[in-house]
Structures are given as structure tokens and as C-alpha cells.
Amino acid sequence: MPLTSSDQLSFDPLSQAFAADPYPTYAALRECAHPYYYEDVDTWMLTKMADVESVALDKTMLRGNDDVLTDAERKAQQRKMNWHDMPHHERFVQFNLLESEGDVHDRLRKLVFREFTPGMILKQRGAIQAFVDQLLAELADHNEVDFVEDFASHIPGHIIGRMLGVPDEDCPQLRVWSENVVRFFNVGCDDNDKRIAEQATKDFYLYLLDLLKLRKTAPQDDLLSRMLLQKQDGLMTEDELIATSMLILMAGHGSTIDVLGSGMHSLLQFPDQRIKLRDDPSLIKTAVQEMFRYESPLPYFHRFATQDCTVAGQGFKAGTRFGLLYGAANRDPARFDAPDTFDVTRSPNRHVAFGGGTHFCLGNHLARLDMDVIFTTLNERFTDIQLVDAHPAYKSGLSVRGPKSLRIAWRAV
Amino acid sequence: MTKVTFIEDNGNQIEAIAEVGQSLMQVAVNSGVSGISAECGGACACGTCHCYVVDNGLVTLPTPDGDEADMIEFVIDPKANSRLSCQIAITPDLDGLVVHIPASQT
């Protein structure tokens, strides 16, 4: 039985209070002398920036713990997590670029990373702008909208779908599948979530198989067609191609929608900052960075120690699971002055919202370009934006952060 | 003692004393150089520590290869003297190194 630090601390990431405002809990965790052991998921929670960075950058800390477990132990762990008996999820989601390590990870990442490098992503600016303009034209008669559902939710999936080679009309369905698959990674998921996630993965798989058949006979200028060539050259298997496609589509949907919603919410909670950005659009890059720091859309990832180690001054055995609470580290006063203040001019802003090390977010430049185009355009088009609901509800759980909806009233220039 | 100089896009010069064993990126971050955010922490995975090495006759760096070369090909405004500062290990030979920070990163 591991020692539990700070027994008095109330840590309930599934509570409504945590969803409404996790930052007091994060602050309390950061102030503990030792990492907090969260028994529900057998994980030591790291909340100080120094600890989070050191583990994220440590090459002996891996996403998977296959190296330190026997096959029987691995299967027992899978059962404990309730990740067993879901064949498509195990095949295409529990194994992918994100969940792999070493040579397999490096090989898969190299096959797609060029598409996501800064220079390649910048070529998407025109497509993003055109789609944002189209959406705003469709909403021209609306003085009040749900910024998340009516606007933000359409954009990231449309852009990543185009890059991959998915027809525009299929993007709404892909969003549903993505959300149903990703939801299963949250703490507190149940058998119903499991059933839905497995079905969504299967449907997603069959859809991609059909699309790949089309690309095989008629290749296009898209990532799917290029990955098919890589498969034909023996550089990746069909399962890896499917898993990589799913990962790119899933990663390209939810978190960017979440940070668009929370970014807008932050601007409206700090109106002086919105005015500052409106009056000086050149601040957009630092403003977007601050949106990611202030409300990190993926606040929790994990690593396994593959050898005995010392973290935060404490000794741990190989096989220990660490929680990297990026959302907490990004409010660490040891790294950031006035960390609970949203400051669109903050620079340097060395946050860890995209993670760190070899698993650093592949789509970071695309997410930032989406945000850059969207908030620049909104600042040009709308003189006044107001919150309709002063306290929008946020998604619950530890793994995601973003408003469920965000009703705003806006007035065009 | 290895002295390196960073020239930010606005012309601001920052001189730093680098320790052998550090990466040039770490020196930049520790010196508060604007435009070297180095977000992935040195894994050659983000391209946010891109810099241009100035040919001042004092320092010669090898041509980048592997992951670094792949990333440089697709950073914004790549040039023949582009490097990722996270991949440059400080040695005594680098005394006098001068790098420019790209305008795209400020």
C-alpha cells in the first residue's frame, strides 16, 4: 500500500466543483511537499512545473509500461482499466503513435510529421480563413450564438479532415465518433461508455477502409493517399495506417474546440485583455499562447517509470504511474508571474499545454494557426462580444478542459 | 568559457556565457531570449528553437542531419544557415558563436 501524501486533501476530479474551477485544487496539490497518490487510478499526481517537465522529458518515462510487465500482468492491468474485450478499440486506439514508444513511435511519427511542420501548416491559412468566413456569413443574422456548438465545433474537424482527405460532408459524423472514442479515456468511464467507444471505433474503422479503397484507385493530394504509398512501400502496416488516421482525426477535433471555447471565455472574463488584443492585433501569437496556458485543453497525461527513480525528491519503483497535470503546472507561480491572471502579452510563456519530449503534440502548429485566424477575424468583425451566461458549465473530469457551451451575444462592426 | 550571442529580430543583442554540455537552446531559454520558446524541451519535435547561424569566421558547425534536417526543411523561412538550437551542444569550440532569431518566432 503506497503512502498517501496530504490525507486531508480533497481530490475529486469528477465533482462539479472541480469542473467549475479546478485551480484551487491544483494549487493545493502544488503546495504539498510530496506528490499526491490518487488511489482510484493508481497514479502519483505531479503538479509542479519542475516535476512535470522533468518526467515529460525523461526518456526512461514511457506512455506504456509493457517493458516492465509480464504478459499476464499487462492483461490484468487492461482488465483493471476496463480496456479489455473491445477488439477494435484495442487494435486501433489502445495502440497508435501516441501510445507507442522507441523505434515504432519514431518510425510512425516521421511518416506524418512533415505534414504538421510550421511551414506546411502555414499553407492551410487560406483554407481556414475561407471556412471561418463562410461560417460567419451563415451566422450573420444571429445576434446570439452558442460559440462552441454553432461556431468553434465546426472548424478544427473541417480543417484536419481536409488535410487527411475526408469529404467535408462527413466531418460532423467523424466528430461524433471521435468524441465517443476519446470520452472513454476519462477517469470514471463506465461499461456504457466502453460499449459506445468500441462501436464508434468499429464504425470509424469501416468508414476509413471504404475511403482508403477510393484513394487506392484515385489518389488525391492528401495525407491518406500519401500514407497509402508509405504502406505500399512497407513503411507502415494497414492497422498502423488506420490507427494513425484515427489519432489525427481525434486529436484534431476535441481539444482545439475546447480551447477555442475556453479562449473566448478567458477574453470575455478579462475584457481589458480583449480590448488590448483588439487594439493591437499583432498580439495574437502571445494571446493564443496564453489561452493554451490559462486553460490547457488536455490537462492530464501519464507516464510509467521503466526503472527505479527519484521524482520530486521521493523514490519510486519501476512500473510506477505518474500523472502529469499540465493544467496545474501551467499555473505554477514558480514558473509564471501572477499565474491566475490572463495576460495576452505574456512573454516568455513556457507552458506545457502541448506536452513535452518525443510525445510533444504533433498538431500544435495547426491548433495555433486555427486560433490565430479565428480570433483575429472575430476581433475584426465584432466590436462588442458579451457573455450571455456569466458562468458557463465546463466538461467534467481530469482529462479534458473546455466549456460544454458558451452562449455569447455579438455585434458586428 | 564559451561566449555566445543571440540577436533578436528587433536587433536586441543578448550575450551569454554557455556551459559545456548545455544545448544552445537551453542557453537561450536561461538567458530569456525572445523567440526561442523550445516548447518540446529539446526533442526535435516542435521547431520553435529555430535560429540562423551567422558566418563570422569564428565558428563552424556541422551540417544538420536526421530529424533536425527534416524539421528545418519545413520551418518557416528556412535558410542554408538554419539550425535547431536544441541540437547544438555547447563545446569550447563554439566560443564566439552568433545566431539570429527568425522574425517568424517573435
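Order of the sequence lines fixes the chain letters, A, B, ..., with proteins taken first and strands second; residue numbering starts at 1 for each chain.
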Next on the checklist: Could you check whether Arg401(A) pairs with Asp258(A) (Lys NZ or Arg NE/NH1/NH2 to Asp/Glu carboxylate O, under 4.0 Å)?
Outcome noted: no

Checklist outcome for this item: Applying a strict 4.5 Å limit to non-hydrogen atoms, the region of Val33(B) in contact with chain A is neither

Checklist entry - Quick one: what part of Gln289(A) sits under 4.5 Å from any heavy atom of chain B, side chain, backbone, both or neither? => result side chain

Checklist entry - Got Arg107(A) and Leu235(A) here, is their nearest side-chain heavy-atom distance under 4.5 Å? => result no

Checklist entry - Taking the six-membered ring of Tyr294(A), is NZ or CZ of Arg331(A) closer than 6.0 Å to its centre and within 45° of its axis? => result yes

Checklist entry - Is there a donor in the side chain of Asn330(A) and an acceptor in the side chain of Ser296(A), or the other way round, less than 3.5 Å apart? => result yes

Item to check | Side-chain heavy atoms of Pro333(A) within contact of Arg30(A), under 4.5 Å | outcome: yes

Checklist entry - Can a donor-acceptor pair be found between the side chains of Asp222(A) and Ser225(A) at a distance below 3.5 Å? => result yes

Checklist entry - Checking His365(A) against chain B: side chain, backbone, both or neither under 4.5 Å from a heavy atom? => result side chain

Checklist entry - Less than 4.5 Å apart, any side-chain heavy atom of Met371(A) and any of Leu260(A)? => result yes

Next on the checklist: Restricting to salt bridge (charged side-chain N to carboxylate O under 4.0 Å, His left out), what partner residues turn up for Asp221(A), sequence neighbours left out?
Outcome noted: Arg226(A)

Next on the checklist: Counting only non-hydrogen atoms closer than 4.5 Å, can you tell me which residues of residues 35-43 of chain B sit against chain A?
Outcome noted: Ser37(B), Glu39(B), Cys40(B), Gly41(B), Ala43(B)

Item to check | Proximal to chain A - members of residues 75-101 of chain B, heavy-atom separation under 4.5 Å | outcome: Val75(B), Ile76(B)

Item to check | Portion of Lys110(A) that has a non-hydrogen atom of chain B nearer than 4.5 angstrom | outcome: side chain

Item to check | Between His359(A) and Glu101(A): side-chain donor-acceptor atoms closer than 3.5 Å | outcome: yes

Item to check | Heavy-atom closest pair, residues Asp51(A) and Ala312(A) | outcome: OD2-CB, 3.4 Å

Item to check | Any pair counted as salt bridge (Lys or Arg N to Asp or Glu O under 4.0 Å), so long as it reaches residues 21-32 of chain B, sequence neighbours left out | outcome: none

